[in-house]
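A short write-up of the structure that comes next.
Values reported hereafter were calculated over all heavy atoms of this structure, with side chains retained and with hydrogens, waters and symmetry mates removed.
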Amino acid sequence: MQAGLIRPSATIREDRPFELLGLAPSELRDYFQSMGEKGFHGDQLYRAIYSRRLFSFDRLTEFSLQLRQALSRTASITLPELETAQRSVDGTTKYLLRLSDGQRIEAVFIPEPSRNTLCLSTQVGCPMDCRFCLTALLGFSRNLTAAEIVGQILFVQANQDKGETGRASSERSKPLNIVLMGMGEPLLNLENVVKALQLMSDGDGLAIPVHRITLSTVGLVPKIRELAQAPVIPNLAISLSATTDEIRSRLMPVNRKYPIQALLSACSDFPLPRKARLTFEYVLIDGINDTDQDARRLVRLLSGLRSKVNLLPLNLGEQGVWRPSPPQRIVTFQKILRSKGLPAFIRRPRGADIYAACGQLHRAQAARNTA
């Protein structure tokens, strides 16, 4: 069992079933002991949920019939429910998921030849108000629980298992990358996100290697420093998207509180495993942040940081205020970065036709396209 799992005390509410998804092993042991049962049943249930993907008490044949019946009366294992699923022409699938209180979020599954990527939401909506992001138009409703974060993974995996046998088997055999880049700012929900990271990376949990998990943030400086002290530290991606405070504050209001130099200072202190790099995400907007001068400033800003840059052409949204930089301008921008020794990669948008690409998640209720 991975060391350092957070152990907030479990509390049992009598007005509704007690949710067991998202609990650490110690919490599950506490729950069973509160029922007058042996604590080791908590470890059994933990492995059943995350390793064996069992979400019905009836399938827990290692438990007595009496215990299964008692669990059915008092507890639940609740995954998000599917509202719509849309399939892009490039194979990307966007899931609109309904939570137990009726709120809705989106998760995106991106298949690739050598791996799969799953983009998760961490909040219902987002309070950060980035000007180029459709999710900002939703405003903010609430944080997701750890159960609701890992529940997205379990739901998508279960959905894959329901697909064609050959395809499902093929998808399961690929490594899975997790990116916390969906709806919301992960660092504003740090306690639940860290607990979810522990469940993801625990060998007895979802067993996803931590080097395959990336958290993306707009740059909340104190929270970056707090994340650096967490028991599980994912890869860190910073949404930068400008090289001057004037332009970044225009695009991303968070910059007024945490300007670029303060952000880069926190990044320079962030612990990196050997060979790992910080990722800086740079959304290229025509005539706003895509000049040669911007490229050269970006090289100077990131000098001394072990980093790489992902260049993302602006994904068009309903507001239509800006346009993405032309393809040749993006290539020129990349060449300038690379000529100075800064690794830079142009990221092809995935799922843009179904509004599943970066900055497009908006809980769109389109007609269902079965994945």
Using modelled atom types and a 3.5 Å cut-off, is there a donor and acceptor pairing between side-chain atoms of [X] and backbone atoms of [Y]?
{"X": "N235", "Y": "I213", "value": "yes"}
{"X": "E19", "Y": "T78", "value": "yes"}
{"X": "N116", "Y": "L176", "value": "no"}

NZ/NE/NH1/NH2 to OD/OE distance under 4.0 Å, R248 and D245:
no

Should [X] and [Y] count as side-chain neighbours, where that means a heavy-atom distance under 4.5 Å?
{"X": "K223", "Y": "E226", "value": "yes"}
{"X": "F333", "Y": "I330", "value": "no"}
{"X": "L144", "Y": "N192", "value": "no"}

If I take atom SG from residue C267 and atom CD1 from residue I260, how far apart are they, to the nearest 0.5 angstrom?
11.0 Å

For [X], which residues count as a side-chain hydrogen bond (donor to acceptor under 3.5 Å, both in side chains) partner, sequence neighbours excluded?
{"X": "S51", "result": "none"}
{"X": "R98", "result": "E81, E83"}
{"X": "S325", "result": "D290"}
{"X": "T279", "result": "none"}

Inter- and intrachain pairs under ring pair (Phe, Tyr, Trp, His ring centres under 6.0 Å), touching residues 225-268, at least two apart
none

Any ring pair (Phe, Tyr, Trp, His ring centres under 6.0 Å) involving residues 58-82? Give me the pairs, sequence neighbours left out, ordered by first then second residue.
F32-F63, H41-F63

Contacts of [X] that satisfy salt bridge (charged side-chain N to carboxylate O under 4.0 Å, His left out) - sequence neighbours left out:
{"X": "R348", "result": "none"}
{"X": "R225", "result": "D269"}
{"X": "D90", "result": "R350"}
{"X": "D292", "result": "R329"}

Hey, can you pull the donor-acceptor pairs under 3.5 Å for the side chains in residues 300-313, sequence neighbours left out?
unit_1, atom_1, unit_2, atom_2, d
R306, NH1, P273, O, 2.8
R306, NH1, A276, O, 3.0
S307, OG, L305, O, 3.4
N310, OD1, R347, NE, 3.1
N310, OD1, R347, NH2, 3.3

Could you check R142 against E148 for salt bridge (charged side-chain N to carboxylate O under 4.0 Å, His left out), going step by step and ending with a plain yes or no?
CA-CA 12 Å; R142 67 171 176 85; E148 290 167 335; 2.9 Å; yes

Output all residues satisfying ring-ring contact (aromatic ring centres under 6.0 Å, His included) with F155, sequence neighbours left out; order by chain, then residue number.
Y95

